[in-house]
A.B. asks: 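Let me give you the structure first, and then I'll get to my questions.
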Amino acid sequence: MRNRHLIARVYLSLTLVLLYVPIFYLIYFSFSSGKNMNKFEHFTFAHYQTLFQDNRLLAIFLETILLALLSSLIATIIGTFGAIAISGMKKESHKKTTLALNNVLMVSPDVIIGASFLIFFTALGIGLNFSSVLLSHIAFSIPIVVLMVLPRLNEMDMSLIDAARDLGANSWQVFSNVLIPAIMPGIFSGMFMALTYSLDDFAVTFFVTGNGFSTLSVEIYSRARQGIDLEINALSTVMFLFVLILVGIYYFITTKKSRRKNHRVIGGLVK
């Protein structure tokens, strides 16, 4: 057993090293006064100063954050209702078919999804701009939310809903006061995953973005083709810290909720 634990720890350590060393290597050179990552020269914040003076890049950064927040919020609302609808299906065959269709979007290559959206928008005469990117991000985020919310619905004790109805609660009260609080951890998880997927996406966005709108992933790709600039390292560092803050907020919220849940029941009696 000790050998197994040792192997597991070594494996986990190697995995974390492979994941985080490239990120910290990138962050390390964002403070170099040089022009590339061949050699670290003098410590400086010059690349961060250049970044915050680049109005175009800052505008793209803010637009990317806005896009991720909007798409994740809308996808969470639609995905939550979709998960509730799937959970409420009476026939098992209908439920499995709907889940299979939902999972197809999860495993489909991003290039295929992006090309499909491009053809779809072109056929409908929809311009490639912020709206087209937003609709695409909402579409590929919904299946993620559905998969995160469904397990919570399956674990939920449905007798709580029956008890609420027996006590005279109407449909809205059951939905808002019983169902939503019970699946809220799944909703938060789905929204967080949708947010990170939107921030991270490149392939789909590359197909559906136009001349009037761009995201950070597309902009970084365009600049990288002309040569790696350490301003990109500074931008990546800022993005990494932003995501780190989001993870911290999510961890704080889920930890606080779990503590409240643990203290809610004392001696078998609900407070």
Side-chain angles (χ1 to χ4, degrees), residues 15-32 37 40 43-77 79 110 129-131 133-142 144-145 148 184-206 208-209 213-224 228-257:
T15 303
L16 291 174
V17 167
L18 289 174
L19 286 173
Y20 282 96
V21 163
I23 296 174
F24 288 120
Y25 182 77
L26 181 147
I27 294 173
Y28 173 70
F29 273 97
S30 71
F31 297 102
S32 172
M37 292 191 291
F40 187 92
F43 183 89
T44 181
F45 288 103
H47 300 296
Y48 289 91
Q49 294 174 352
T50 304
L51 171 65
F52 290 113
Q53 291 172 358
D54 191 337
N55 293 329
R56 170 179 165 77
L57 202 56
L58 288 177
I60 292 174
F61 173 77
L62 294 175
E63 288 173 350
T64 302
I65 300 300
L66 177 63
L67 171 70
L69 290 173
L70 276 178
S71 63
S72 60
L73 179 61
I74 298 172
T76 300
I77 295 171
D110 288 343
N129 47 35
F130 179 82
S131 299
V133 180
L134 177 62
L135 291 172
S136 301
H137 281 224
I138 292 171
F140 70 66
S141 297
I142 289 173
I144 301 168
V145 177
M148 299 300 291
M184 189 58 74
I187 294 175
F188 271 118
S189 299
M191 185 174 180
F192 182 77
M193 289 297 295
L195 180 68
T196 53
Y197 265 70
S198 179
L199 288 173
D200 182 61
D201 181 73
F202 168 76
V204 175
T205 307
F206 183 77
V208 297
T209 191
F213 179 76
S214 183
T215 62
L216 277 178
S217 57
V218 176
E219 181 68 16
I220 290 172
Y221 171 75
S222 301
R223 294 195 179 198
I228 298 296
D229 187 349
L230 294 187
E231 185 182 348
I232 300 300
N233 290 44
L235 175 62
S236 301
T237 303
V238 172
M239 284 296 297
F240 177 74
L241 292 175
F242 175 76
V243 173
L244 201 63
I245 292 171
L246 287 180
V247 172
I249 293 172
Y250 172 74
Y251 178 78
F252 175 77
I253 292 173
T254 53
T255 304
K256 192 173 182 179
K257 284 183 177 293

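None of these values were measured; they are calculated from a predicted model.
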A.B. asks: Compute the ring centroids of Phe31 and Phe40, then answer whether they are less than 6.0 Å apart.
C.D. replies: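 No.
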
A.B. asks: Using the test side-chain hydrogen bond (donor to acceptor under 3.5 Å, both in side chains), find all partners of Ser71 that sit at least two apart in sequence or belong to another chain.
C.D. replies: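 Applying side-chain hydrogen bond (donor to acceptor under 3.5 Å, both in side chains) to Ser71 gives Ser198.
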
A.B. asks: What are the two closest non-hydrogen atoms of Val133 and Val208, and how far apart are they?
C.D. replies: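 Result for this residue pair: CG2-O, 3.8 Å.
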
A.B. asks: So which atom in Ser30 and which in Ala234 form the shortest heavy-atom distance, rounded to 0.1 Å?
C.D. replies: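 Taking every non-hydrogen atom into account, CB-N, 3.8 Å.
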
A.B. asks: Does anything in residues 63-77 form a salt bridge (Lys or Arg N to Asp or Glu O under 4.0 Å)? List the pairs, not counting sequence neighbours.
C.D. replies: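 For residues 63-77, and leaving out neighbouring residues, there are no salt bridge (Lys or Arg N to Asp or Glu O under 4.0 Å) pairs at all.
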
A.B. asks: Say whether, by atom type as modelled, one donor and one acceptor occur between the side chain of Thr209 and the main chain of Thr205 under 3.5 angstrom.
C.D. replies: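 A pair under 3.5 Å: no.
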
A.B. asks: For Ile65 and Phe242, which heavy atoms make the closest approach, and how far apart are they?
C.D. replies: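 Between these two residues, the closest heavy atoms are CD1-CE2, 3.5 Å.
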
A.B. asks: Give the intermediate values and the outcome of side-chain contact (heavy atoms from CB on, under 4.5 Å) for residues Leu199 and Thr215.
C.D. replies: CA-CA 9 Å; Leu199 288 173; Thr215 62; over 6 Å; no

A.B. asks: Please report the interatomic distance CG(Asn233) to CD1(Ile23), rounded to the nearest 0.5 Å.
C.D. replies: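 Atom-to-atom, Asn233:CG and Ile23:CD1 are 12.5 Å apart.
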
A.B. asks: Taking only residues two or more places apart in sequence or in another chain, which ones pass ring-ring contact (aromatic ring centres under 6.0 Å, His included) with Phe61?
C.D. replies: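 If we apply the ring-ring contact (aromatic ring centres under 6.0 Å, His included) test to Phe61, skipping adjacent residues, there are no hits.
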
A.B. asks: State the OH-CD1 distance between Tyr20 and Ile27, to the nearest 0.5 angstrom.
C.D. replies: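 Going from OH on Tyr20 over to CD1 on Ile27, the span is 10.5 Å.
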
A.B. asks: Search all heavy atoms of Ser136 against all heavy atoms of Val204 and return the closest pair with its distance.
C.D. replies: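 Result for this residue pair: CB-CG1, 3.9 Å.
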
A.B. asks: For the backbone of Ala68 and the side chain of His137, can you confirm whether one donor and one acceptor N or O come within less than 3.5 Å of each other?
C.D. replies: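 No: the side chain of His137 does not pair with the backbone of Ala68.
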
A.B. asks: Go through Phe240 and Leu26 one step at a time and tell me if the side-chain contact (heavy atoms from CB on, under 4.5 Å) criterion holds.
C.D. replies: CA-CA 11 Å; Phe240 177 74; Leu26 181 147; over 6 Å; no

A.B. asks: Between atom CG of Leu216 and atom CZ of Phe202, what is the distance when rounded to the nearest 0.5 Å?
C.D. replies: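 It comes to 12.5 Å.
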
A.B. asks: Run the side-chain donor-acceptor check on residues 184-194: report pairs under 3.5 Å with partners two or more places apart or on a different chain.
C.D. replies:
| residue | atom | partner | partner atom | Å |
| --- | --- | --- | --- | --- |
| Ser189 | OG | Pro185 | O | 2.9 |
| Ser189 | OG | Tyr250 | OH | 2.6 |

A.B. asks: Return the minimal non-hydrogen interatomic distance between Leu51 and Glu231, and the atom names on each side.
C.D. replies: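 Taking every non-hydrogen atom into account, CA-OE2, 3.6 Å.
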
A.B. asks: Yes or no on ring-ring contact (aromatic ring centres under 6.0 Å, His included) for Tyr25 and Phe29, after CA distance, side-chain angles and deciding distance?
C.D. replies: CA-CA 7 Å; Tyr25 182 77; Phe29 273 97; 4.9 Å; yes

A.B. asks: At what distance, to the nearest 0.5 angstrom, does CG of Asn55 lie from CD1 of Ile60?
C.D. replies: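 Answer for the CG-CD1 pair, Asn55 versus Ile60, is 11.0 Å.
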
A.B. asks: State the CG-CD distance between Leu58 and Gln53, to the nearest 0.5 angstrom.
C.D. replies: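 CD of Gln53 is found 9.5 Å from CG of Leu58.
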
A.B. asks: Determine which pairs satisfy salt bridge (Lys or Arg N to Asp or Glu O under 4.0 Å) with at least one residue from residues 243-255, sequence neighbours left out, and list them in order.
C.D. replies: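 Qualifying pairs: none.
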
A.B. asks: List in chain and number order the residues that pass ring-ring contact (aromatic ring centres under 6.0 Å, His included) with Tyr197, two or more places apart in sequence or in another chain; answer none if no residue qualifies.
C.D. replies: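 Listed in chain order: nothing, the list is empty.
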
A.B. asks: Contact between Thr64 and Glu219 at the side-chain level, heavy atoms closer than 4.5 Å - yes or no?
C.D. replies: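 Side-chain contact under 4.5 Å: no.
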
A.B. asks: Atom CD1 of Ile77 and atom CD1 of Ile142: how far apart are they, to the nearest 0.5 Å?
C.D. replies: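 Reported value, rounded in 0.5 Å steps: 10.5 Å.
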
